[in-house]
Amino acid sequence: MSRFQSPSAFVFYGLFAFLIVATLAARALIRSGKVGGDTAKNLMDRIWAWWVMIGVLALIFTLGATAITVFFALCSVAALREFATITHTRRADHDALAIAFYVILPLQYLLVWLNVPIFAALLIPVYCFLLLPVVTVFKGEVAGFLTRVSETQWGLMVCVYCVSHIPAILQLQIPGYRYSSFTLVAWLILVVQASDVLQYVWGKSLGRHKLAPRVSPSKTVEGLAGGMLSASLLGMALAPITPFGWWQAGLVALVVTTFGFFGGLIMSAIKRDRGVKDWGTLVQGHGGILDRLDSLVFSAPVFLHILAWGWL
């Protein structure tokens, strides 16, 4: 079976079909006058951004595991840069940041690519946690030391360690599973991102009760429930391309979308604390890379652990 005929390819075919429908529907709404002004521009910017992002992902998936690993490594570079721009760094932190960007980040992805899971699992949460503060403390700048060191460690955990779990899924060999692990990565991205979109749709349609208005004013209880349940049903419908039974697929989808929601909410809290709306402007209509990865950074490690504990 070629990659163009694999289950992961058909997931992307479905996404492109959905984008065609969404584009036609959006243009129809704009021409009818029901949507106009800044709302219309924002809507088309978002749809165009989805075309670009899904197109890039589809291309990367055709190139194989190495390309996927390099792609997410580059995403980590951009995400860590976005995170670093809003932290309280000083000149004394530059060496630690340089090590994070030029040593730790590439080493983490090299360990994932070489399939050395023990060291990939321990590098950042153990060795970097212990050794990076040593680099900073010898600079002698004690003002805000705990905050500055913690922010660097948080940036590495969120932007590098958690994101690296996505290509790490490609290294799993599940007994009896007839498809490649590419399909599992496609399933995860589709379910988690669908939950984000569907939470927005349900929230705009039926949302009445604010969930965390000081953190994310647009999130509602109805949007969260509708989005997570809809995405779980989607995950259940795609059970045949996973190693899960139909009820297991629904349960796993519910778990990863729950953690995806937690990730988005926590990253929103950090943005509010720093007084910024988006992490960046790289993706027109969607903010920065972290604005697209925020739900995956929490869900990817959980998904990998579910697979490792339950299906290996």
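- Within a 6.0 Å sphere centred on CG of Leu130, heavy atoms belonging to other residues, nucleotides or ligands number more than 12.
- When atom types are taken as modelled, the side chain of Arg214 and the backbone of Arg272 share no donor-acceptor pair closer than 3.5 angstrom.
- Under a 3.5 Å cut-off, the side chain of Thr183 and the backbone N or O of Tyr179 do not form any donor-acceptor pair.
- When every heavy atom of Phe182 is checked against every heavy atom of Ala65, the shortest pair comes out as CZ-N, 3.4 Å.
- One hydrophobic cluster holds both Ile68 and Val191 under the rule that ILVMFWY side chains link at heavy-atom gaps under 4.5 Å.
- How far SG of Cys162 is from CG of Leu304: 11.5 Å, rounded to the nearest 0.5 Å.
- Residues Leu107 and Val116 are members of one and the same hydrophobic cluster, defined by side-chain heavy-atom contacts under 4.5 angstrom among Ile, Leu, Val, Met, Phe, Trp and Tyr.
- When hydrophobic clusters are built by joining Ile, Leu, Val, Met, Phe, Trp and Tyr residues whose side-chain heavy atoms come closer than 4.5 Å, directly or via intermediates, Tyr127 is not grouped with Ile99.
- Transitive grouping of hydrophobic side chains (ILVMFWY, heavy atoms separated by less than 4.5 Å) keeps Val137 and Leu132 in distinct clusters.
- Considering every non-hydrogen atom in both Gln248 and Pro243, the closest pair reads OE1-O, 4.5 Å.
- For Phe244 and Trp187, the distance between ring centers is under 6.0 angstrom.
- Between the Thr136 side chain and the Asp93 main chain, no donor and acceptor come within less than 3.5 Å of each other.
- Nearest approach of Cys75 to Leu293, heavy atoms of both residues: CB-CD1, 4.1 Å.
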With side chain to side chain contact (heavy atoms under 4.5 Å, CB included) as the test, would you mind laying out the steps for Thr147 and Thr87 before giving the verdict?
CA-CA 9 Å; Thr147 298; Thr87 58; over 6 Å; no
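- Closest of all the heavy-atom pairs between Ser76 and Cys159 is OG-O, 2.6 Å.
- Transitive grouping of hydrophobic side chains (ILVMFWY, heavy atoms separated by less than 4.5 Å) brings Met157 and Leu296 into a common cluster.
- At least one donor-acceptor pair under 3.5 Å links the side chain of Glu141 to the backbone N or O of Ala143.
- Between the Gln199 side chain and the Lys219 main chain, no donor and acceptor come within less than 3.5 Å of each other.
- Side chain of Tyr161 to backbone of Ala121: a donor-acceptor contact under 3.5 angstrom is found.
- Taking 4.5 Å as the limit, some side-chain heavy atom of Phe61 sits within range of a side-chain heavy atom of Val185.
- Tyr177 and Ser180 make their closest contact through CE2-O, 3.6 Å (heavy atoms, listed as atom of the first residue, atom of the second, distance).
- In this structure, NE2 in His209 is found 14.0 Å from CG in Leu224, a value given to the nearest 0.5 Å.
- Atom-to-atom distance recorded for Thr66:OG1 and Ile60:CD1 is 11.5 Å, nearest 0.5 angstrom.
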I would like to know whether His165 and Val112 meet side chain to side chain contact (heavy atoms under 4.5 Å, CB included); could you show each step before the answer?
CA-CA 8 Å; His165 281 72; Val112 168; over 6 Å; no
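- Trp154 has its ring centre no less than 6.0 Å from the ring centre of Phe83.
- Counting heavy atoms from C-beta on, the side chains of Leu105 and Leu156 never come closer than 4.5 Å.
- Within a 6.0 Å sphere centred on CZ of Phe129, heavy atoms belonging to other residues, nucleotides or ligands number 12 at most.
- Here Thr69 contributes atom OG1 and Ile166 contributes atom CD1; the two are 11.0 Å apart, rounded to the nearest 0.5 Å.
- Other residues, nucleotides and ligands contribute only 12 or fewer heavy atoms inside 6.0 Å of the CZ atom of Arg81.
- For the atom pair CG of Asn115 and CG of Leu170, the computed distance is 10.5 Å after rounding to the nearest 0.5 Å.
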Could you go through Thr258 and Met228, starting from their C-alpha distance and side-chain angles, then the distance that decides it, and tell me whether this counts as side chain to side chain contact (heavy atoms under 4.5 Å, CB included)?
CA-CA 7 Å; Thr258 298; Met228 287 175 54; 2.9 Å; yes
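- Two residues are said to be in side-chain contact when any heavy atoms from C-beta on lie closer than 4.5 Å; Pro117 and Gln171 fail this criterion.
- Closest approach of Ala194 to Leu234, counting heavy atoms only: CB-CD2, 3.8 Å.
- Under a 3.5 Å cut-off, the side chain of Ser216 and the backbone N or O of Ala212 do not form any donor-acceptor pair.
- For the pair Thr62 (side chain) and Leu59 (backbone), a donor-acceptor distance under 3.5 Å is present.
- Other residues, nucleotides and ligands place more than 12 heavy atoms under 6.0 Å from the CZ atom of Phe71.
- Panel note: side chain Thr257, backbone Leu254; a donor-acceptor pair is recorded below 3.5 Å.
- In the hydrophobic clustering, Leu74 connects to Val70, either directly or through intervening members, whenever side-chain heavy atoms lie under 4.5 Å apart.
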Can Tyr109 and Val160 be said to form a side chain to side chain contact (heavy atoms under 4.5 Å, CB included), step by step?
CA-CA 8 Å; Tyr109 279 92; Val160 182; 4.1 Å; yes
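- Ion pair Arg274/Glu151 flagged as a salt bridge, since at least one NZ, NE, NH1 or NH2 atom sits closer than 4.0 Å to an Asp/Glu carboxylate oxygen.
- How far CG of Asp294 is from CD1 of Ile266: 10.5 Å, rounded to the nearest 0.5 Å.
- Of the possible donor and acceptor atoms, none in the side chain of Arg208 sits under 3.5 Å from a partner among the backbone N and O of Thr220.
- Listed by chain and number, the residues in a salt bridge (Lys or Arg N to Asp or Glu O under 4.0 Å) with Lys139 are Asp95 (sequence neighbours excluded).
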